[in-house]
Amino acid sequence: MTPRVFSLDQCADQYVIALAPRSSIVGVSPRVGDADSYLRARAAGLPRRRATAESVLAALPDLVVRYWGGDARLDAVLAKRRVKVVRIEEAEGFDGVRANLRRVATALGQAPRGEALIARLDAQLKAGRGTWGGRSGFYLTPGGFTAGKGTLIDAMLAGAGLTGAAAPGYAAAPTEKLVLNPPDRMVLGFFDGPAARSAAWGPGRQSVLRKLAAGRTAASLPGSILGCPAWFIGDGVEALAQRAPR
């Protein structure tokens, strides 16, 4: 029997919508229909609920899926009511994404659906492998931040054959270093959403970075594929691969 499932946040929404039978979904987050929600087109008609203890318990779930959502006391309340919680973990690479898919799919009794999404991701990685030939790539957000080794973004660049030019982890883009040693290509992320407008003051909007990006942009990737450690990071690999020189 498929458990009644409630997803607490936008990232969890994607996993639940993709893996669970629709009839078993008793709650999704209020942000499930936003522009940066990957499966927003499939969210119509699903019950949207706040991630509070009261709202969750009222939906009578057997299983709760979460990435970051929920108030501070929710874990203890759910444990007391014997509601199982499955967490989506941060992923530094594609193995972490595969593990997330298998964990959530198994909890839902939908292992074949999880394996199908893994197969989709693996096919994208196979098609994208080495397409950029090791050229250097630098990831940039509207606020002027970047991502280097140890991040899923860096794994995405590598998946398309780009060598990440940023320092490990997440940090502000080093403008002077970029000017002195510009990367072969820039990869833009989240420039399609409100972050691009609200961060007009940030270094990502400085003229020097705009000029660098204008002549070197390999792709501008939507926030809907970047904000969650999920299988659709493969769409980013695919988009980059399609823009590689032939």
Side-chain angles (χ1 to χ4, degrees), residues 1-124 152 155 222-235:
M1 182 172 139
T2 303
R4 292 165 56 88
V5 59
F6 190 117
S7 64
L8 292 184
D9 51 70
Q10 192 190 60
C11 182
D13 292 338
Q14 315 312 311
Y15 277 83
V16 167
I17 293 172
L19 295 170
R22 191 176 180 87
S23 60
S24 72
I25 301 173
V26 298
V28 291
S29 82
R31 291 195 58 214
V32 71
D34 288 2
D36 58 348
S37 176
Y38 185 74
L39 294 177
R40 59 190 177 276
R42 291 168 57 180
L46 291 175
R48 303 185 188 189
R49 305 181 191 274
R50 296 174 58 209
T52 63
E54 293 79 6
S55 180
V56 174
L57 293 177
L60 301 176
D62 304 304
L63 176 71
V64 166
V65 181
R66 71 189 307 180
Y67 177 43
W68 52 263
D71 61 25
R73 64 192 178 103
L74 187 53
D75 275 346
V77 172
L78 294 176
K80 185 176 180 180
R81 297 297 182 95
R82 298 183 180 179
V83 177
K84 183 177 180 180
V85 177
V86 176
R87 291 184 178 276
I88 297 164
E89 304 291 349
E90 292 292 349
E92 295 182 357
F94 301 115
D95 282 345
V97 172
R98 295 184 188 99
N100 278 333
L101 278 167
R102 289 187 171 119
R103 185 182 311 110
V104 179
T106 298
L108 288 166
Q110 301 291 330
R113 292 190 183 189
E115 293 304 316
L117 291 178
I118 289 171
R120 175 184 184 272
L121 170 63
D122 288 345
Q124 290 174 313
L152 189 55
S224 60
I225 68 172
L226 300 172
C228 176
W231 68 95
F232 37 81
I233 194 70
D235 289 10

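The figures here come from the full heavy-atom set of this structure, side chains too, leaving out hydrogens, waters and symmetry mates. Throughout, numbering of the chain's residues begins at 1 and tracks the sequence.
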Which heavy atom in [X] sits nearest to a heavy atom in [Y], and how many Å separate them?
X      : Y     : answer
Leu117 : Ala18 : CD1-CB, 4.0 Å
Ser24  : Pro3  : CB-O, 3.4 Å
Val5   : Ala20 : CG1-CB, 4.0 Å

Roughly how far, to the nearest 0.5 Å, is [atom2] of [Y] from [atom1] of [X]?
X     : Y     : atom1 : atom2 : value
Gln10 : Ser37 : CD    : OG    : 4.5 Å
Arg66 : Ile88 : CZ    : CD1   : 11.0 Å
Phe6  : Ser29 : CZ    : OG    : 9.0 Å
Thr2  : Leu19 : OG1   : CG    : 11.5 Å

Report the residues that fulfil salt bridge (Lys or Arg N to Asp or Glu O under 4.0 Å) with [X], sequence neighbours left out, ordered by chain and then residue number.
X      : result
Asp62  : none
Arg120 : Asp235
Arg98  : Asp95, Asp122

Among all residues two or more places apart in sequence or in another chain, which pass the ring pair (Phe, Tyr, Trp, His ring centres under 6.0 Å) test with Tyr38? Phe232
Go through the structure and list residues passing ring pair (Phe, Tyr, Trp, His ring centres under 6.0 Å) with Tyr15, not counting sequence neighbours.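 Listed in chain order: Trp231.
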Among all residues two or more places apart in sequence or in another chain, which pass the side-chain hydrogen bond (donor to acceptor under 3.5 Å, both in side chains) test with Arg31?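 Partners of Arg31 by the side-chain hydrogen bond (donor to acceptor under 3.5 Å, both in side chains) criterion, ordered by chain and then number, come out as Asp34, Asp36.
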Output all residues satisfying side-chain hydrogen bond (donor to acceptor under 3.5 Å, both in side chains) with Arg73, sequence neighbours left out; order by chain, then residue number. Glu54
Can you pull the salt bridge (charged side-chain N to carboxylate O under 4.0 Å, His left out) pairs that have at least one residue in residues 6-21, sequence neighbours excluded? none
Sequence neighbours left out, what pairs pass salt bridge (charged side-chain N to carboxylate O under 4.0 Å, His left out) with at least one residue falling in residues 104-118?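 Listed by first then second residue: Arg102-Glu115.
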Give a yes or no on whether Glu92 atom CD has more than 12 heavy-atom contacts from other residues, nucleotides or ligands under 6.0 Å away.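 Count not over threshold, so no.
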Going by heavy atoms in the side chains, are Leu74 and Leu8 under 4.5 Å from each other?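 Counting from C-beta outward, Leu74 and Leu8 do come under 4.5 Å.
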Is any side-chain heavy atom of Gln14 closer than 4.5 Å to a side-chain heavy atom of Ser7?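 The answer is no; the side chains never approach within 4.5 Å.
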Yes or no on side-chain contact (heavy atoms from CB on, under 4.5 Å) for Leu226 and Ile233, after CA distance, side-chain angles and deciding distance? CA-CA 6 Å; Leu226 300 172; Ile233 194 70; 4.1 Å; yes
Can you give me every donor-acceptor pair (side chain of residues 43-52, partner residue at least two apart or in another chain, under 3.5 Å) with its distance?
residue, atom, partner, partner atom, Å
Arg49, NE, Val26, O, 2.7
Arg49, NH2, Val26, O, 3.4
Thr52, OG1, Ser55, N, 3.2

Does anything in residues 7-104 pair up under disulfide bond (SG atoms under 2.5 Å apart), and if so which pairs, sequence neighbours excluded?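 Qualifying pairs: Cys11-Cys228.
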Can you give me every donor-acceptor pair (side chain of residues 76-87, partner residue at least two apart or in another chain, under 3.5 Å) with its distance?
residue, atom, partner, partner atom, Å
Arg87, NH2, Asp75, OD1, 3.2
Arg87, NH2, Asp75, OD2, 2.5

